[in-house]
Amino acid sequence: MLQIYYIREYSKEVIERLAVKNFDAAAIIDKILVLDAKRRNIQKTLDDTLAESNKAAKEIGGLFKQGKIDEANVMKAKTADLKKASKELGDNLDSVSSELNDLLVQLPNLPHPSVPKGNSDADNEMIYEEGTMPELSNDALPHWELAKKYDIIDFDLGSKVTGAGFPFYKGKGAKLQRALINFFLDRAMDAGYTEFQPPLMVNEDSGYGTGQLPDKEGQMYHVTMDNLYLIPTAEVPITNIYRNVILKNEELPVMNVAYSQCFRREAGSYGKDVRGLNRLHQFDKVEMVQIQHPDKSYETLEQMKDYAASLIRALGLPFRILRLCGGDISFTSALTYDFEVYSGAQKKWLEVSSVSNFENFQANRMKLRFKNADGKTKLAHTLNGSALALPRIVAALLENNQTPEGIKIPKDLVPYTGFEFID
RNA sequence: GGAGAGAUGACCGAGUGGUUUAAGGUGCACGCCUGGAAAGCGUGUGUACGCCAAAAGUGUACCGAGGGUUCGAAUCCCUCUCUCUCCGCCA
């Protein structure tokens, strides 16, 4: 959520910058400015009325103490009007505030100046590419066929037991999952992150804090009986640890990492582009979250970007990094780098990580603050990134590393799998 | 799921309708004292939204959350959440 004072001061700039995200904010900001002025006006009147009431109540108390009952009763009668007025003003303030808030949450985060204009993923800016493309023979198999050939992932069984998008991993396939998770977590420890195991369900306040609610509830599985949501990413519980928290300056940066299963409804997304592991309803991901001083958050974003790259490099996969354009970047993000690995048999780039700086957008929603060096309370910046999401990494590993002897496991991963080939 | 007891500031803790303007203590910060430190003494010490050009100042709200009663609520009433003790169930 953008800060109201910022919209008030720099409304023109806000409109211009949101245009990069193809968001026309002019009308909504007009309404916000009107409501904001109204809100402050009502609050002033209400505060004055309450001040008068408080004063009268004290006087009445004093009169009772002195035994001046009649005078007290006269005063009491006078306060009736004040009470009525403050009740009305209070109701009015509540409705104007919530109207204002409903509009504020509709505004996306301001994109960083480096975010290119654009309408779709075709307009994303490729900023880096690394690795050698796999040279596969013409009869190379896509990963869903390799999965069947080596009996390591069973999509049909998942469909039977749960539904499409919920595969079973089996034998060396299951072990490969565990190996990747531990590999990613151990690397994160070495990089200075603290590991968390979060709850896989969160309450409404948490969904709101990271921006999934109120708009995107259709993308989360909802446990209606207890009003809990299955997390779409560990970002949600891990960031919400700091909801309504004021950190000390020296506690920054907070560097957390968590493995979790992630649940996404992604309604209506079936078809040939989502075959196999390309898009699942349940998948595994290791997620890093940082909370940083506003002056340092972009430096941190670059470090997180480099860190994600180092993981893919260690697995020997060709990859590229994109700076997302205004049309493709998320609602809450100011700047996002997407990582894609090349999956040789599908001949497709697959997104395996997304690293973003949210600046104070999430922090403002969840009231995540810190005391700066001067002792002033300020909103912190939040960042997160996948490090990494498993399914598409597995897809690329299977496809790119297929050999007549089986699927070759990258060297750095062998200590974790305990085998060199899936055969 | 059932019964009971609780939730007060950074922390401990007093407070059952009216100088609570939340006592007292601890911690922390600054100052005095000291060769330096400790002790001692003194001062200060939350959050949010307003008002004010701004600072200073000042208004309002906040004692788990949300409602209510009252001229006046930390205190009384209702609902909810969480914690503890016991019972039930349970990997």
Side-chain angles (χ1 to χ4, degrees), chain A residues 1-10 32-105 197-209 213 223-229 237 240-252 254 360 362-380:
Chain A
M1 188 160 75
L2 299 177
Q3 295 177 93
I4 183 70
Y5 94 88
Y6 196 88
I7 297 172
R8 204 187 290 149
E9 297 280 313
Y10 307 102
I32 285 173
L33 293 176
V34 169
L35 284 170
D36 176 52
K38 206 167 153 189
R39 195 202 99 242
R40 283 183 291 152
N41 187 27
I42 295 168
Q43 193 189 327
K44 176 86 178 94
T45 317
L46 173 63
D47 285 357
D48 290 348
T49 308
L50 287 174
E52 220 177 309
S53 297
N54 287 344
K55 207 174 137 215
K58 251 170 220 163
E59 283 173 30
I60 292 168
L63 291 172
F64 273 121
K65 265 214 169 128
Q66 295 165 42
K68 298 177 181 169
I69 308 294
D70 292 342
E71 281 180 55
N73 283 330
V74 171
M75 283 287 288
K76 260 167 107 166
K78 282 190 192 162
T79 60
D81 285 345
L82 288 174
K83 214 185 160 185
K84 194 169 158 237
S86 55
K87 172 87 178 117
E88 274 169 23
L89 287 163
D91 290 348
N92 211 341
L93 183 66
D94 287 348
S95 77
V96 170
S97 301
S98 80
E99 214 179 316
L100 179 60
N101 198 57
D102 289 348
L103 292 176
L104 282 172
V105 297
Q197 276 196 27
L200 301 182
M201 294 191 222
V202 293
N203 59 28
E204 227 171 311
D205 284 348
S206 294
Y208 179 85
L213 298 176
V223 182
T224 52
M225 195 175 279
D226 296 295
N227 198 25
L228 296 171
Y229 294 86
N240 272 284
I241 293 171
Y242 306 93
R243 173 152 46 82
N244 278 318
V245 165
I246 301 177
L247 293 162
K248 297 192 186 96
N249 199 32
E250 58 270 23
E251 288 176 290
L252 300 178
V254 170
N360 64 25
Q362 289 181 329
N364 191 35
R365 278 196 172 207
M366 65 172 86
K367 304 293 167 237
L368 162 50
R369 291 150 294 168
F370 74 104
K371 292 265 188 212
N372 70 10
D374 303 332
K376 290 235 165 76
T377 306
K378 298 270 190 193
L379 291 171

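Within every chain, numbering begins at 1; the chains are lettered A, B, ... in the order of the sequence lines, protein sequences first and strands thereafter.
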Asks: Locate the shortest heavy-atom distance separating A/Pro237 from A/Pro199; write the atom from each residue and the value.
Replies: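 It is CG-O, 3.8 Å.
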
Asks: Rounded to the nearest angstrom, tell me the gap between atom CD in A/Glu52 and atom C1' in B/U60.
Replies: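 Atom-to-atom, A/Glu52 to B/U60, this comes out as 14 Å.
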
Asks: Return a single string for nucleotides 63-83 of chain B, one symbol per nucleotide in 5' to 3' order, where B is base contact, S is sugar-phosphate-only contact and - is none, cutoff 4.0 angstrom on heavy atoms.
Replies: -----S-BBS-----------

Asks: Search all heavy atoms of A/Leu379 against all heavy atoms of A/Ala363 and return the closest pair with its distance.
Replies: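 Heavy atoms only, the tightest pair is CD2-O, 3.7 Å.
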
Asks: Write out a two-atom table: protein N or O, nucleotide N or O from nucleotides 48-52 of chain B, distance below 3.5 Å.
Replies:
residue, atom, partner, partner atom, Å
B/A48, OP1, A/Arg369, NH1, 3.3
B/C49, O3', A/Arg39, NH2, 2.6
B/C49, O2', A/Arg39, NH2, 3.0
B/C49, O2', A/Gln43, OE1, 2.3
B/C49, O2', A/Gln43, NE2, 3.3
B/C49, O2, A/Gln43, NE2, 2.8
B/G50, OP1, A/Arg8, NH2, 3.1
B/G50, OP1, A/Arg39, NH1, 3.4
B/G50, OP1, A/Arg39, NH2, 2.8
B/G50, O5', A/Arg39, NH2, 3.0

Asks: Using the C1' atom in both, what is the distance from B/C86 to B/G13, to the nearest Å?
Replies: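 These two C1' atoms come out 27 Å apart once rounded.
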
Asks: Roughly how many Å is it from CG in A/Asp48 to C1' in B/A61, rounded to a whole number?
Replies: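 Between C1' of B/A61 and CG of A/Asp48: 14 Å.
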
Asks: Looking only at atom C1', what distance separates B/C12 and B/C28, rounded to whole Å?
Replies: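 The same atom, C1', in both gives a distance of 15 Å.
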
Asks: Using distance alone, with no hydrogens and no angle criterion, decide if A/Asn203 and A/Ser206 have a side-chain donor and acceptor under 3.5 Å apart.
Replies: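 Distance-only check passes for A/Asn203 and A/Ser206.
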
Asks: Taking atom C1' in both B/C80 and B/G27, what distance in whole Å separates the two?
Replies: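 Per the computed distance, 34 Å lies between those C1' atoms.
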
Asks: Whether A/Arg39 and A/Asp36 form a salt bridge (side-chain N of Lys/Arg under 4.0 Å from carboxylate O of Asp/Glu) is what I want to check.
Replies: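 Yes.
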
Asks: Base, sugar-phosphate or nothing for A/Lys371? Non-hydrogen atoms, less than 4.0 Å.
Replies: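 Here A/Lys371 touches the backbone only, sparing every base.
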
Asks: A/Tyr208: what forms a ring pair (Phe, Tyr, Trp, His ring centres under 6.0 Å) with it, not counting sequence neighbours?
Replies: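 In terms of ring pair (Phe, Tyr, Trp, His ring centres under 6.0 Å), with neighbours along the sequence ignored, A/Tyr208 is linked to no residue.
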
Asks: For B/A29 and B/U81, measure between their C1' atoms and round to the nearest Å.
Replies: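 Between the two C1' atoms, the distance is 36 Å.
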
Asks: Using the test side-chain hydrogen bond (donor to acceptor under 3.5 Å, both in side chains), find all partners of A/Asn249 that sit at least two apart in sequence or belong to another chain.
Replies: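 None.
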
Asks: Heavy atoms only: give me the nearest A/Leu33-A/Arg8 pair and the separation to one decimal.
Replies: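 Heavy atoms of A/Leu33 and A/Arg8 come nearest at CD2-CA, 3.8 Å.
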
Asks: I need the CG-C1' distance between A/Leu93 and B/G59, as an integer number of Å.
Replies: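 About 14 Å, once rounded to whole Å.
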
Asks: What pattern of brackets, bars and dots sums up RNA chain B from 5' to 3', given Watson-Crick or G-U wobble pairs under 3.5 Å, [ ] for crossing pairs and | for another strand?
Replies: ((((((((.[[[..)..(.....]]]((((((.......))))))((((((.....)))))).[[[[[..)....]]]]])))))))....

Asks: Suppose you measure atom P in B/A74 against the same atom in B/U69; what distance do you get, rounded to whole Å?
Replies: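 Their P atoms lie roughly 16 Å apart.
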
Asks: When you measure from the side chain of A/Glu251 to the backbone of A/Lys248, do you find a donor-acceptor pair of N or O atoms at a distance under 3.5 Å?
Replies: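 Yes.
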
Asks: Between A/Leu50 and A/Ser86, which heavy-atom pair has the shortest distance, and what is it?
Replies: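 So the two residues come closest at CD2-CB, 3.9 Å.
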
Asks: Specify the separation, in whole Å, of atom CG of A/Asn249 and atom C1' of B/A10.
Replies: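 Roughly 17 Å, once rounded to whole Å.
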
Asks: C1' atom, B/G42 versus B/C33: distance in rounded Å?
Replies: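 Here B/G42 and B/C33 have their C1' atoms 11 Å from each other.
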
Asks: Checking A/Ile32 against A/Leu104 for the side-chain contact (heavy atoms from CB on, under 4.5 Å) test, could you report, in this order, the C-alpha distance in whole Å, the side-chain angles of both residues, the deciding distance, and whether it holds?
Replies: CA-CA 7 Å; A/Ile32 285 173; A/Leu104 282 172; 3.9 Å; yes

Asks: Within the 4.5 Å heavy-atom criterion, are A/Met366 and A/Asn244 side-chain neighbours or not?
Replies: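 A/Met366 vs A/Asn244: side chains apart.
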
Asks: Applying ring pair (Phe, Tyr, Trp, His ring centres under 6.0 Å), can you list everything that pairs with A/Phe370, at least two apart in sequence or on another chain?
Replies: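 Listed in chain order: A/His293.
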
Asks: Using atom C1' of each nucleotide, how far apart are B/G59 and B/A3 to the nearest Å?
Replies: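 Result for the C1' pair: 47 Å, nearest Å.
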
Asks: With rounding to whole Å, what would you report as the distance between B/G9 and B/G67 at their C1' atoms?
Replies: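 25 Å, rounded to whole Å.
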
